[in-house]
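Accompanying notes for the structure given below.
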Amino acid sequence: MTVQNQATATPQHIAIIMDGNGRWAQKRHMPRTVGHAKGAAGVKALLQHCAKLGVKYLTLFAFSTENWGRPAEEVSTLMGLFFQYLEKEMSALANAGVRLKVIGDVAGFPPELQTRIHAAEAATQHNQAITLCVAANYGGQWDMVQAVKNWHAANPTLSANHLTPDQLAQHLSTAGMPDVDLLIRTGGEQRISNFLLWQAAYAELYFTDSLWPEFDEAELNKALHWYATRERRFGLVQTQKLKETA
Ligand code: FPP
């Protein structure tokens, strides 16, 4: 576990619950789906801003396992936006050194979207500027259950007594990625909503009333300034932390 000098630290991994698209549109007397389109359009600038600042991983909650319960039109708009994003933006992002990773139960998506996802992941797998991790048909509880199943499949002769947190982490959908440093939720609610439950164990939690379509680079800078003031102890006390950083 790394204990960092928080005053100068840029988070390595930012995760965002992009909430408030529907309200943003409704306030303007427009259909909720317009809010999702506006929300998707803002992703590119934020991603570029993160890359410029040295953030290495940006994980976005695009579609939760619970979102299937929304009206059919809204579900298909969200799928369409994700598909279009992969279609239109991925080659520019790939040229800018962005690696795409999709986490979640992708098998639940239409076959053409699955093909597009796998192609974009393969095409960008060696890029190093920043990883854009899109959580789609994702739930933190699903992730932990599939990790246990995969661990068991990889170690069929071992009893559950051999399972350790490190081994479980190697079978999560985020295996190989650092844990979340900063978890942002827009839209005014203060909950984690089954997002990266394991990976955000020690994340700093930043909640803002800004709706996702309004969350621009200046809003992200505010979150980063707030993050820089946080003292992260990872369950230790201040004196232990000072010894570790010395
Ligand atoms: C929450 O707003 C947002 C979502 C459920 C989906 C977010 C998806 C996108 C921005 C588009 C696709 C993403 C990428 C990476 C291209 P809400 O509908 O719950 O808003 P509300 O709380 O105001 O109703």
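Ligands are counted one by one from 1 in listed order, and the atoms in each one are counted from 1 as well. Just so you know, these numbers use all the heavy atoms, side chains as well, and skip hydrogens, waters and symmetry mates.
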Should the pair Trp142 and Tyr138 be assigned to parallel (<30°), tilted (30 to 60°) or perpendicular (>60°) ring geometry?
-> perpendicular
Please list, chain by chain and in numerical order, all residues satisfying salt bridge (charged side-chain N to carboxylate O under 4.0 Å, His left out) with Lys44, sequence neighbours excluded.
-> Glu89
Here the pair of heavy atoms bringing His36 nearest to Asn21 is ND1-ND2, 3.0 Å
For Asn137 and Val106, indicate whether the former's side chain and the latter's backbone hold a donor-acceptor pair under 3.5 Å.
-> no
List the atom pairs, with distances to 0.1 Å, where a side-chain N or O of residues 46-58 and a protein N or O form a donor-acceptor pair under 3.5 Å, not counting sequence neighbours.
residue, atom, partner, partner atom, Å
His49, NE2, Asn221, OD1, 2.8
Lys56, NZ, Gln128, O, 3.1
Lys56, NZ, Ala129, O, 3.1

In a simple table, one pair per line, please give the protein and ligand 1 atom names for every N or O pair closer than 3.5 Å, along with the distance.
residue, atom, partner, partner atom, Å
ligand 1, 2 (O), Gly20, N, 3.4
ligand 1, 2 (O), Asn21, N, 3.4
ligand 1, 18 (O), Arg32, NH2, 2.8
ligand 1, 18 (O), Arg70, NH1, 2.7
ligand 1, 19 (O), Asp19, OD1, 3.1
ligand 1, 19 (O), Arg70, NH2, 2.8
ligand 1, 20 (O), Gly20, N, 3.3
ligand 1, 20 (O), Asn21, N, 3.2
ligand 1, 20 (O), Gly22, N, 3.1
ligand 1, 22 (O), Asp19, OD1, 2.9
ligand 1, 22 (O), Arg23, NE, 3.3
ligand 1, 22 (O), Arg23, NH2, 3.0
ligand 1, 23 (O), Gly22, N, 3.4
ligand 1, 23 (O), Arg23, N, 2.7
ligand 1, 23 (O), Arg23, NE, 2.8
ligand 1, 24 (O), Arg32, NH1, 2.9
ligand 1, 24 (O), Arg32, NH2, 3.1

Which pairs with one or both residues in residues 98-114 pass side chain to side chain donor-acceptor pair (under 3.5 Å), sequence neighbours excluded?
-> Arg99-Thr131
